[in-house]
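Report on the following structure.
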Amino acid sequence: MFTNDTLKGRVALITGGGSGIGLEIATAYAKLGASLMLIGRNEERVQAAAQAITEAGGIAVARKTDVRNYDEVKATVEATVEKFGSLDILVNNAAGNFVCPTAELSPRGWSTVIDIDLNGTFHGCHAAYPHLRQSKHGGSIISIITMLGVTGWPQAAHAAAAKGGILSLSRTLAVEWGGDGIRVNTISPGPIGDTEGVQRMYIEGGRGELEAKKTALGRFGKKEDIANAAVYLASSLGSYVTGENLIVDGGRWLKYVAA
Ligand code: COA
């Protein structure tokens with residue numbers, strides 16, 4: 001479906017690009033011709049990811065950046081444009097989460113997740129905007145959320161509120177920035193079996209089989225499923241799609257509603 005030049009000439013900045021879904025998206029983008037800036041809090045991890053992509057023939061650099069710090073994000077966006085000449089795609093993928101009953105969640109625990117997920121996404125969008133509007137391909141922002149941000153997420157109120165906020169922010173920006181040629185979309189992955197989050201939150205807790213059965217397809221997804229959606233939305237194939245929340249969850253959401 002995708003050809004080697006699907007993302008040729010595009011520059012993408014991926015937050016949390018050193019591991020998990022972020023790295024899978026980075027790897028797919030690089031194979032399809034994009035130049036990448038990978039950012040994360042762990043310098044070693046993002047550098048290793050960029051090196052692996054470069055060794056495989058892609059174009060990638062990395063920079064330690066904490067999405068909670070607007071000045072750092074802005075400096076990294078500017079360094080990306082200086083290095084590659086433009087910024088065409090922003091993927092807001094960095095996230096933090098842990099399981100905790102809300103009554104036991106400290107205010108700092110709440111703020112920490114809101115800061116990474118929701119404020120971090122705002123920081124990325126705001127800092128990238130002047131460059132995305134100049135993209136000759138039309139800018140594209142993709143944020144990774146979850147339908148649990150819509151349904152509610154018992155034991156993860158902080159992450160649910162943050163993801164719901166990102167959905168709202170994205171729809172607002174799709175309308176505000178549509179005239180600048182910037183498309184703003186979200187992807188809602190379901191349970192993706194080969195991620196640290198699902199391993200930690202479901203599989204290690206003995207809930208793997210139960211969670212897989214909650215999907216219409218009866219199985220976990222793969223990181224590749226999310227990367228394919230992220231390629232579609234970033235490329236010209238998705239050029240008339242904005243304000244959309246692309247649900248890639250094996251029917252988990254629908255089964256929740258229909259059951
Ligand atoms: N249960 C309850 N509270 C927790 C917690 C847990 N499992 N983990 C962290 N917190 C609280 C801390 O107690 C602290 O609050 P306090 O000062 O009132 O005690 C607050 O959250 C900040 O914790 P800290 O460890 O200083 O934050 P951090 O910035 O180092 O870590 C997190 C960020 C909390 C998101 C951490 O879980 C993390 O880095 N996770 C790895 C990445 C990740 O979650 N990826 C998402 C996969 S879906």
Side-chain angles (χ1 to χ4, degrees), residues 14-26 38-49 62 64-73 91-124 142-167 186-208 211-212 214-215 220-227 229-230 245 247-250 252-253:
I14 303 176
T15 74
S19 62
I21 287 174
L23 177 55
E24 190 79 13
I25 293 173
L38 308 182
I39 73 169
R41 278 187 293 168
N42 183 323
E43 168 118 55
E44 239 171 68
R45 193 184 292 159
V46 281
Q47 293 296 354
K64 180 180 187 302
T65 308
D66 187 336
V67 293
R68 292 176 280 195
N69 184 324
Y70 181 73
D71 292 340
E72 268 185 38
V73 172
V91 180
N92 294 303
N93 161 77
N97 195 12
F98 51 81
V99 174
C100 183
T102 307
E104 291 162 28
L105 180 64
S106 74
R108 209 164 85 84
W110 166 269
S111 316
T112 299
V113 172
I114 296 288
D115 254 359
I116 299 170
D117 296 18
L118 180 56
N119 296 345
T121 297
F122 168 75
H123 292 159
I142 297 163
S143 300
I144 307 299
I145 60 165
T146 162
M147 287 304 283
L148 292 162
V150 177
T151 61
W153 194 351
Q155 321 280 328
H158 41 358
K163 299 295 192 180
I166 296 169
L167 178 64
T186 54
I187 296 174
S188 286
I192 303 300
D194 50 354
T195 57
E196 182 237 320
V198 163
Q199 281 294 331
R200 190 158 48 88
M201 295 180 79
Y202 295 157
I203 295 171
E204 282 169 22
R207 288 173 50 198
E211 294 298 332
K214 286 186 187 170
T215 68
F220 288 145
K222 298 189 294 255
K223 286 182 287 194
E224 191 188 351
D225 297 315
I226 308 307
N245 176 36
I247 304 171
V248 186
D249 74 345
R252 167 74 173 80
W253 151 252

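Both ligands and their constituent atoms are indexed starting at 1 by order of listing. The first residue in the sequence is number 1, and the count goes up from there.
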What are the polar N/O contacts of ligand 1 with the protein below 3.5 Å, with distances?
unit_1, atom_1, unit_2, atom_2, d
ligand 1, 15 (O), Ser106, OG, 3.2
ligand 1, 17 (O), Arg108, NE, 2.6
ligand 1, 17 (O), Arg108, NH2, 3.3
ligand 1, 18 (O), Ser106, OG, 2.6
ligand 1, 26 (O), Arg108, NH2, 3.4
ligand 1, 29 (O), Arg41, NH1, 3.4
ligand 1, 29 (O), Arg68, NH1, 3.0
ligand 1, 29 (O), Arg68, NH2, 3.4
ligand 1, 39 (O), Arg41, NH2, 3.2
ligand 1, 44 (O), Asn97, N, 2.9
ligand 1, 44 (O), Asn97, O, 3.2
ligand 1, 44 (O), Arg200, NH2, 3.3
ligand 1, 45 (N), Ala95, O, 3.2

Excluding sequence neighbours, so at least two apart, what forms salt bridge (Lys or Arg N to Asp or Glu O under 4.0 Å) with Glu211? Arg207, Lys214
Rounded to the nearest 0.5 Å, how far does CG of Leu118 lie from CD1 of Ile166? 6.0 Å
So which atom in Gly221 and which in Asp194 form the shortest heavy-atom distance, rounded to 0.1 Å? O-OD1, 4.1 Å
So among Ile39, Asn93, Asn92, which one has a side chain to side chain contact (heavy atoms under 4.5 Å, CB included) with Val67? Ile39
Return the set of residues passing ring-ring contact (aromatic ring centres under 6.0 Å, His included) with Tyr70 (not counting sequence neighbours), or none when no residue passes. His123, His126
In chain order, what residues pass the side chain to side chain contact (heavy atoms under 4.5 Å, CB included) check against Ile203, with sequence neighbours excluded? Val198, Gln199, Phe220
